[in-house]
Amino acid sequence: MYLGIDIGTTSICAVVIRADGGLVRSVTKPNTFGFADGAARMQDVGGIVKMCRDMVNELCAAYPVISIGVSGQMHGILYLDDTGDPVSPLYIWQDGCGNLMMEDGETYASYLRKTGGAASAGFGLTTHFYLQKNGMIPETAAKMVTICDYVGMK
């Protein structure tokens, strides 16, 4: 049997399926770990990891799981130190800091679009650019990952 975890903004889901694709069990729990600070939208990564770990432990104890897959928010970013521990909250795809005005009167996202890319507020690299320009990246940050990367790592 196979286990899949989806880490969404509003819920975290896990499914166990058979090799033929048949659903064995599905669990959905609310993702209540969000908070805001001005235009920033974040989530507590510790709460998310604990919920995922609890779901995995419960389902693996009940079923002969041989493989685990993780999916979820692709635009969120989390900074880790050089040992892989989080040094920031998870900045989620709903983050609005890219829509804030820079000193020259344009938004962080519109400035990045000059490169030819499709930068929008909520994209992880737009949030990273905002945090970088405002000196808000933790000094101990060594890596930037998605929540899927981090949960898989843990």
Side-chain angles (χ1 to χ4, degrees), residues 1-17 23-102 107-110 112 117-154:
M1 294 190 187
Y2 305 94
L3 181 122
I5 300 171
D6 180 57
I7 307 160
T9 308
T10 58
S11 64
I12 298 173
C13 309
V15 295
V16 176
I17 60 170
L23 179 65
V24 175
R25 180 139 177 233
S26 175
V27 178
T28 300
K29 296 185 178 185
N31 183 341
T32 59
F33 304 108
F35 59 98
D37 182 10
R41 299 294 179 269
M42 299 160 281
Q43 290 183 333
D44 171 43
V45 70
I48 292 170
V49 169
K50 181 180 182 331
M51 182 178 285
C52 290
R53 184 176 283 135
D54 290 349
M55 292 169 106
V56 167
N57 288 341
E58 175 189 341
L59 294 169
C60 285
Y63 304 99
V65 172
I66 63 168
S67 181
I68 300 173
V70 181
S71 68
Q73 308 173 36
M74 68 180 201
H75 289 297
I77 59 169
L78 170 68
Y79 294 101
L80 305 178
D81 66 16
D82 58 4
T83 66
D85 289 327
V87 293
S88 75
L90 169 66
Y91 292 91
I92 63 173
W93 66 272
Q94 295 169 325
D95 185 78
C97 292
N99 287 332
L100 297 175
M101 292 294 184
M102 298 176 62
T107 69
Y108 292 87
S110 65
L112 289 174
S120 295
F123 284 19
L125 291 179
T126 303
T127 299
H128 174 69
F129 179 65
Y130 167 82
L131 295 169
Q132 180 185 45
K133 285 294 195 181
N134 288 282
M136 297 170 67
I137 297 173
E139 286 185 26
T140 55
K143 310 169 181 58
M144 180 174 62
V145 299
T146 69
I147 189 61
C148 299
D149 297 326
Y150 187 66
V151 166
M153 186 177 87
K154 287 298 180 181

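Basis for what follows: all heavy atoms, side chains included, without hydrogens, waters or symmetry-related copies.
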Distance col, row Leu125:CG vs Tyr108:OH, nearest 0.5 angstrom, shows 16.0 Å

Quick one: which residue pairs count as a salt bridge (charged side-chain N to carboxylate O under 4.0 Å, His left out) with a foot in residues 29-41, not counting sequence neighbours? none

In Å, rounded to the nearest 0.5 Å, how long is the span from OG of Ser120 to CG of Asp95? 12.5 Å

So which pairs with a foot in residues 133-145 pass salt bridge (charged side-chain N to carboxylate O under 4.0 Å, His left out), sequence neighbours left out? none

Check step by step if side chain to side chain contact (heavy atoms under 4.5 Å, CB included) holds for Asn31 and Thr9. CA-CA 6 Å; Asn31 183 341; Thr9 308; 5.8 Å; no

Give every donor-acceptor pair under 3.5 Å between a side-chain atom in residues 78-86 and any protein atom, sequence neighbours left out.
from, atom 1, to, atom 2, distance (Å)
Tyr79, OH, His128, ND1, 2.6
Asp81, OD1, Thr83, N, 2.9
Asp81, OD1, Thr83, OG1, 2.7
Asp81, OD1, Gly84, N, 3.1
Asp81, OD1, Asp85, N, 2.9
Asp81, OD2, Thr83, OG1, 3.4
Thr83, OG1, Asp85, OD2, 3.3

In a table with atom names and distances, give each donor-acceptor pair under 3.5 Å that connects a side chain of residues 66-75 to protein atoms at least two apart or in another chain.
from, atom 1, to, atom 2, distance (Å)
Ser71, OG, Asp6, OD1, 2.8
Gln73, NE2, Gly8, O, 3.4
Gln73, NE2, Gln43, OE1, 3.1

Are any non-hydrogen side-chain atoms of Pro138 and Ser88 less than 4.5 angstrom apart? yes

Nearest-0.5 Å distance that lies between atom OG1 in Thr127 and atom CE in Met136: 10.5 Å

Partners of Tyr91 by ring pair (Phe, Tyr, Trp, His ring centres under 6.0 Å), sequence neighbours excluded? none

Met51 CE to Ile5 CD1 distance, which is reported to the nearest 0.5 Å: 11.5 Å

Between atom CG of Leu3 and atom OH of Tyr63, what is the distance when rounded to the nearest 0.5 Å? 10.5 Å

From CA spacing to verdict: side chain to side chain contact (heavy atoms under 4.5 Å, CB included), Leu90, Ile77: CA-CA 6 Å; Leu90 169 66; Ile77 59 169; 5.8 Å; no

Side chain to side chain donor-acceptor pair (under 3.5 Å) contacts touching residues 46-59 (sequence neighbours left out): Arg25-Glu58, Lys50-Asp54

Determine the minimum heavy-atom distance between Thr107 and Gly98, stating which atoms define it. CB-O, 3.4 Å

Considering all heavy atoms of both residues, which atom of Val151 and which atom of Ile48 are nearest to each other, and what is their separation? CG2-CG2, 4.4 Å

Distance col, row Ile147:CD1 vs Trp93:CH2, nearest 0.5 angstrom, shows 16.0 Å

Ala109 and Ala121: which non-hydrogen atoms are nearest, and at how many Å? CB-N, 3.9 Å

